[in-house]
Amino acid sequence: MATESSYYVPEQSRLPIFATIGMFLIAFGAANWINGGSAYIFFAGALAMATVLWFWFAAVIRENMAGLNSDQLKRSYVWGMGWFIFSEVMFFAAFFGALYYIRTFALPWLGGEGDRGSSNMLWQGFENNWPLMVTPDAAAHGDAAKIVGPKDIIDPWHLPLLNTVLLLASSFTVHVAHVYLKKNKRNAFNLWLTATVALGFAFLYFQAVEYYEAYQHLGLTLESGIYGTTFFMLTGFHGAHVTLGTIMLLIMLLRSVIAHHFKPNDHFGFEAASWYWHFVDVVWVALFIFVYVLGG
Amino acid sequence: EDKAPERWGVNMPRGVTEVAQTTYDLHMLIFWICVAIGVLVFSVMFYSMWRHRKSKGYKAAQFHESTAVELVWTIIPTIILILMAIPATKTLYDIYDTEEADLDIMITGYQWKWKYDYLGSDVSFFSNLSTPRAQIDNQLPKTSNYLLEVDEPVVVPVGKKVRFLITANDVIHAWWVPDLAVKKDAIPGFVNEAWTRIEEPGIYRGQCAELCGKDHGFMPIVVKAVPQTEYDQWLEKRATEAAKMRELTEKTFTFDELFARGKEVYNRNCAACHQVNGQGVPPTFPAIAGSSVATGPMKAHLGIVVHGSEKNPAMQAFGPQLSEADIAAVITYQRNAFGNDMGDTVQPIDILNFKNNQQ
Amino acid sequence: MAHGPKPGLSRWLYTTNHKDIGTMYLWFSFAMFLLGGCMALVIRAELFEPGLQIVQPEFFNQMTTMHGLIMVFGAVMPAFVGLANWMIPMMIGAPDMALPRMNNWSFWILPFAFTMLASTLFMDGGAPNFGWTFYAPLSTEYAPPSVTFFIFSIHIMGASSIMGAINIIATILNMRAPGMTLMKMPLFVWTWLITAYLLIAVMPVLAGVVTMMLMDIHFGTSFFSAAGGGDPVLFQHVFWFFGHPEVYIMILPAFGVVSAIIPTFARKPLFGYSSMVYATASIAFLSFIVWAHHMFTVGMPIAGELFFMYATMLIAVPTGVKVFNWVTTMFRGSMTFETPMLFAVAFVILFTIGGFSGLMLAIAPADFQYHDTYFVVAHFHYVLVPGAIFSITAAVYYWLPKWTGNMYNETMGKVHFWLSFIGLNVTFFPMHFVGLAGMPRRIPDYALQFADFNQIASMGAFLFGASQLLFLFNVIRTIQGGKKASDEVWENPEGLEWTVPSPAPYHTFSTPPAVR
Ligand code: HEA
Ligand code: HEA
Ligand code: CUA
Ligand SMILES: [Cu+2]
């Protein structure tokens, strides 16, 4: 257990109150924007937040380089990142749970099966199928329906498979980078990290292509019933996390290349980003199985 | 036969169905078990608070562990719980009984009224709160069934298994009549099932039991249980009335007839939101007085009443809810009351044509 | 590091000190308690007699909704985080919280989030009016425009809770003084460790469900609409997966507080320390598999009803262990009844009564009669008001001398206790009766047979509310001065917090103490 004699407690800091203001502006601005107001507040908030984070991380890095961070303090960061990732897991769990509930309970009932099968009397003609190409609305109301299903869905064995390979490869490359960092091979580290970031961008590119395809040619949209809803919400939040992870890794790369940060035995910033990346990768594997393969 | 409401009531009614009575017994059983445990635990506690006070010079003992007692008070409650679970499970199976019913009634919750469809017949009607607004606003003394009375009760035969198919048109409601021990959520897009077999003729009152918006507190349920023969006569009468209502559609009304009928329809169906004086509660419930719809082109007015509003789901589609005669009357009323003074009328047949052209 | 606080406003805005932050949490929570309480008084005033008197139904629904939200997220949760901030570092011998800047951030989000939430009252269409459980589609298709602001305020409150919880876990797992093994930690620390875990597990699910709402409202998705293949009941499953653990988030730290107070005033060690720890963990575990007991009437298959009924009933076992342990701790103690002890004893009695009504609600077929009536309202106020609120009050009286260095006025404390105790029972006990007799909850007006008990309940509410002013007065007077408290404050209390001076210095345990 803890034997260190001093734990660095920063005296005072302006960072959190500015972070609060940034976060508030983002939240208030987003609501205002979505409700039809202007977008400026939101973007002002985003800018403020980015700035604060910049200074905040800079402060932490500075403190670490000044030798203020004891091993015990570093463990606090480790716990912090670990539990943060756990909270993210639970966020995704809510959406996976929704998908499970819809497929196992709601749709069979609407299609006339099971305990609440009489629900089908409200949607005559609706049949439970997955992927849901014909929504209850479309089945029951024909042309008058407001929510109609997609014309087609994404084939898992093309772009999604490619993306799976890309992400798995990137988890591997980031690991190799880590190994080199621990061996103090700076160039190899930079190289493998560059490859990881590149793979991240490639993934995002193909995801964008896939979305374009879905919207332009397949009629698969957020509005095309529960299939589109779950498809885009799950892959969309995952994509947002990949974006964040790629940015994090990119920053780590720049820190290494430009400022020569990280030592073989002290590089928690990079480690945290790589854990995050592995987490994003695991979520993708779950997505690939439950959304694409078992959903097609 | 209609019991006066009991003041100072402290317990659940015993109910008038077998299921209700079993539920009541179960409730009392669990209650008394809890009371017994409570008495036991609290007596020990009060005993030590009384006897083991410092002011009486009592010296504290220092024991702080005993695996044996802790096991005992883990196991005994578990056993008590199992004893509770047995009758609870039995009752639940009774309630989930799926045996064929003698009569099916479809119940649809609307903001803020219930619709009853007797499946296999033409009979279908809405059931609205009938307590006058003036009683709610404290301008008239409240009568004994204040807020628990409706214009059209749902009528069922005694001794028969009646199955309810429960759904909703807009938000979630819950159909609840304590005397029948039936409470089931009415969920838009899904159908829930519940059933009852009432043993005694009588009037049984209940309320919506799921927050469903502004007038959640004002959508009561009244069930009238009658002997089979009386039920048959009632059903027959309702079927004839339905036919008559269709005839009314052919008839041409005078302005005064439409206006008078429209006022009634308005106060029953529209005033909850748009208010009796037509002032509404903007922005969700816009005013009728001076509204661009009620003083604009007739067609748009017909459209919003028959089909509801696209933008504001609080404005329902009244086309399926009201007869052609009632829609014609209420539109005429809205266009001429509250200082709107448009001077135009619309006839039931126009409504029918409008509906048909829109199909 | 021996510095005291900075003077002026910047002390509070920029602080990284766990005691400052704890203080701010506690004051914020009290302000929210008054605000939420005033809304409760609007509700009780309207329900004083049948008929519509002072508010219209649409505003009544806004009051109910905001009252629930503010009490749960604004009063009870921040109060416990405040106590955690103040006490956990002192109890485990740490110099501060593990991540002090994030700690400040977690706090300051709250006033902003609640300002945004409260501002919806002044928006077009009014504040959220769909209950604190905000069931779809009333909260989606049929919601006022302010729902968007409500959603985002929930998002940032959630961020605050998650960061707060991460901080608490990191502190407990990483900052204990040498020798402070897990099984030596005070129970308050244990209960908070488990609570923090619950928070991190379920707050993201709440964020998920409000995000689904946002998408359904503004971006055309079909989560909660059968027309597109979704289901309104899906909302309830996701919400209660959060919501049920949430109610234990509001009671587990209370168990910790009571487990600290009762031994002190019984002058006898807590009975069954380790079983208390295991019981807390079991309650937390079970809390994840009982959520649908809030949904017995939605039309679940019978297997679901049975599963959730049995699992819920099981919670009585570990909770019973706790109650029995408290009673046994008192048994053959040497008891005195200072204000904290009075509140703690009342907690044990009244929480247990609330637990019994919870057990009755868990019986699915009986819940068909109880659900959405005032019987449920009575149940949860018994576990929340004499449960959560009493334990917080007890904690404040218990530790206030340590915080301020001054003794509070004992007579005034006792008067506060008795007025609260009477007021609360007069308010909430009759709700069992009207509930069983058939009064639905969330209604602004009711049938005549419910009039008598409602009138009594309303009078009780004003008594209970007014007596809280006495508390406020007592606390302010204690901060200003009064009889000096000794370092131990009470007779031989257990715990590291009593080894430091009263008032506790700005920085405690800059070097970790030795724990036997
Ligand atoms: C602090 C908050 C808190 C706590 C601790 C609890 C504790 C419990 N609650 Fe409660 N509950 C709420 C807050 C809380 N609840 C809220 C806010 C709602 C309403 C939400 C809404 O709809 O707005 C609610 C609603 C609610 C419902 C849904 C009712 C409905 O809407 O129809 C149910 C149903 O099962 C339930 C059950 C229980 C049970 C079994 C416990 C158990 O944990 C209680 C266990 C304790 C005991 C049993 C007493 C002590 C034990 C002994 C002395 C041992 C021996 C006893 C026996 C063997 C019986 N609660
Ligand atoms: C911890 C949570 C908590 C707390 C502490 C309380 C406290 C109180 N609640 Fe609570 N309540 C909830 C949580 C809580 N409630 C929840 C979750 C709901 C469900 C919401 C929903 O249905 O969506 C609810 C619903 C609810 C209802 C049902 C509303 C309905 O269904 O329409 C009622 C009705 O009486 C009520 C009353 C009260 C009262 C009188 C208090 C009192 O204890 C309050 C006392 C405090 C004060 C009064 C303020 C302090 C004093 C002053 C400011 C001084 C001035 C006062 C005077 C001079 C008198 N509450
Ligand atoms: Cu309908 Cu409440
Ligand atoms: Cu619960």
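Throughout, protein chains are lettered first and strands after them, A, B, ... in sequence-line order, and every chain is numbered starting at 1.
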Side chain, backbone, both or neither: which part of [X] has a heavy atom under 4.5 Å from chain A?
X: C:M203; answer: neither
X: C:S225; answer: side chain
X: C:H155; answer: neither
X: C:I169; answer: side chain
X: C:A94; answer: neither
X: C:I217; answer: neither
X: C:I162; answer: side chain
X: C:F242; answer: neither
X: C:P100; answer: side chain

Centroid-centroid under 6.0 Å between [X] and [Y] rings:
X: C:F114; Y: C:F28; answer: yes
X: A:W56; Y: C:W105; answer: yes
X: A:W33; Y: A:F43; answer: yes
X: C:F308; Y: C:W291; answer: yes
X: A:W109; Y: A:F105; answer: yes
X: A:F232; Y: A:Y215; answer: yes

Just say parallel, tilted or perpendicular for the rings of C:F149 and A:F28, cut-offs at 30° and 60°. tilted
Parallel, tilted or perpendicular: ring planes of C:F235 versus C:F224, cut at 30 and 60 degrees: perpendicular
Please identify, among [options], the residue contributing the most non-hydrogen atom pairs under 4.5 Å to chain A.
options: C:T171, C:I200, C:V238, C:D216; value: C:I200
options: C:A196, C:S153, C:A159, C:P145; value: C:P145
options: C:A170, C:S160, C:G299; value: C:G299
options: C:N104, C:T15, C:L199, C:I151; value: C:N104
options: C:P111, C:G230, C:S222, C:A227; value: C:A227
options: C:S106, C:S146, C:A226; value: C:A226

Return yes if a side-chain donor-acceptor contact under 3.5 Å exists between C:Y14 and A:E11, otherwise no. no
Return the option, out of [options], with the maximum number of heavy-atom pairs under 4.5 Å with chain C.
options: A:L122, A:I21, A:N35, A:N32; answer: A:N35
options: A:V78, A:T230, A:L110, A:T221; answer: A:L110
options: A:P10, A:A94, A:G111, A:G80; answer: A:P10
options: A:V89, A:L15, A:I17; answer: A:I17
options: A:S87, A:S13, A:A59, A:A106; answer: A:S13

Counting only heavy atoms not in A:K146, do more than 12 fall under 6.0 Å of its NZ? no
Treating C:N17 as the side-chain partner and C:K19 as the backbone partner, does any N or O pair qualify as donor plus acceptor under 3.5 Å? yes
Relative to chain C, which segment of [X] carries a heavy atom at a distance below 4.5 Å: side chain, backbone, both, or neither?
X: A:N128; result: neither
X: A:D137; result: both
X: A:L222; result: both
X: A:A98; result: both
X: A:F95; result: both

Rounded to the nearest 0.5 Å, what's the gap from [atom1] on [X] to [atom2] on [Y]? Could you check?
X: C:D231; Y: A:R116; atom1: CG; atom2: CZ; value: 6.0 Å
X: A:T229; Y: A:L234; atom1: OG1; atom2: CG; value: 10.5 Å
X: C:N85; Y: C:D20; atom1: CG; atom2: CG; value: 10.0 Å

Could you check whether any side-chain heavy atom of C:I249 comes within less than 4.5 Å of a side-chain heavy atom of C:E246, counting everything from C-beta outward? yes
